[in-house]
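For reference, the structure discussed in these notes is given below.
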There are 2 protein chains.
Amino acid sequence: MLSKKAKYAIKTILFLQDHPELVPISAKAIADREHIPYKFLENILRDLKSHQLVKSIRGAEGGYALAKDPSQISIAQVMRAMDGPIALIPCISERFYESCAECEDEETCRIRRLFSEVRTEMVEILERPITTLAQEAKK
Amino acid sequence: MLSKKAKYAIKTILFLQDHPELVPISAKAIADREHIPYKFLENILRDLKSHQLVKSIRGAEGGYALAKDPSQISIAQVMRAMDGPIALIPCISERFYESCAECEDEETCRIRRLFSEVRTEMVEILERPITTLAQEAKK
DNA sequence: TATAATTCCTATCTTTTTTATAGGATTAAT
DNA sequence: ATTAATCCTATAAAAAAGATAGGAATTATA
């Protein structure tokens, strides 16, 4: 299941996308509007920033904005930044690969092969730019 | 990520499929061969049994066997028995549905719509009978 | 230049979930 | 009887998730 952290992060990214204003948006504003615990959100924003998904302006009147064009941001990027691998088993993850301790032969592992298919399908959908989400919602 | 419990369970099911012998297979034998902690495996087998995926014979010379034809068993069934929902968010789960506390309108929720697509694709693959896994491994 | 609003940072705490173990009751073959 | 199993309840240990605390640093603006 998606962690609350990732869900909060996705909501934050969508919120920033929905408010492409000239002034940055404060963590407090996001926390209030999206019902996210403020201090938890601070941590999330720090992670989003370190992964170059948002940028920040410090000081009074400071806040956050998307670090790149929404067309360049996907849910997959947010999920990876928050929770790590998208794959359900580590031995097929592209970015977080780990071999299974007991696995004798990855090439012929039936479990691996099945979850590899699952991962491919998941990534295909989750890599779509968040800008397409708005369109989907209108269908 | 897949829990160890689910992974152990899948290995157990595949092991039983690979050994369709006349005599039931003991938990000890499975634990030894698949490197699963024995007592943990006992719990897993109990869950698999309560979900009608394996059957057991008690007493000396007892053990476990698949409760139905392998063509009627899928990884999805095992995952649901062990970890619950396959969906990444509860509001689109068929069997474990829960509404999101804050969600204002599920119909237009962009997150929900996206993860609904993901779930559909995942289920499509995970519902395949485990008998097809053997074929896939030979490709 | 003081103040207030904000990000930034480190650390800690709490709760939940996951993983695993313990001990014994029950069953049935030999 | 003995032994090898399943079955059952309970608990413990470890890890992860979720959340909070306190304050340092930065910056607009009054």
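Values in this document were obtained by computation on a predicted structure and should not be read as measured data. Below, each value reflects all heavy atoms present in this structure, side chains not excepted, and no hydrogens, waters or symmetry copies. Sequence lines set the chain letters: A, B, ... in the order given, protein chains first and strands last, and positions in each chain run from 1.
A close approach under 4.0 Å does not occur between any side-chain nitrogen or oxygen of B:Tyr38 and OP1 or OP2 of D:dA5. At the phosphate of C:dT6, neither OP1 nor OP2 sits under 4.0 Å from any side-chain N or O atom of A:Lys28. Phosphate contact (OP1/OP2 of C:dT6, side-chain N/O of A:Tyr64, threshold under 4.0 Å): absent. Between A:Ser26 and the phosphate of C:dA5, there is no side-chain N or O to OP1/OP2 separation shorter than 4.0 Å.
Following rounding to the nearest Å, B:Lys39 (NZ) and D:dC8 (P) show an atom-to-atom distance of 13 Å. Across the protein-nucleic acid pair, A:Glu42 atom CD and C:dA11 atom P stand 16 Å apart, rounded to whole Å. Residue B:Met1 contributes atom CE, which lies 16 Å from atom P of D:dA15 at whole-angstrom precision.
Contacts of B:Leu45 with the nucleic acid, taken as non-hydrogen atoms under 4.0 Å apart, are absent. A:Lys4 comes within 4.0 angstrom of sugar-phosphate atoms only, judged by non-hydrogen atoms across all strands, and of no base.
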Worksheet entry | From CA spacing to verdict: salt bridge (Lys or Arg N to Asp or Glu O under 4.0 Å), B:Lys7, B:Asp83 | CA-CA 10 Å; B:Lys7 194 174 178 186; B:Asp83 293 348; over 6 Å; no
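Judged purely by distance below 3.5 Å, without hydrogens or angles, the side chains of A:Asp47 and A:Ser50 never pair a donor atom with an acceptor atom.
The base of D:dT26 is not paired with the side chain of A:Arg58 by any donor and acceptor separated by under 3.5 Å.
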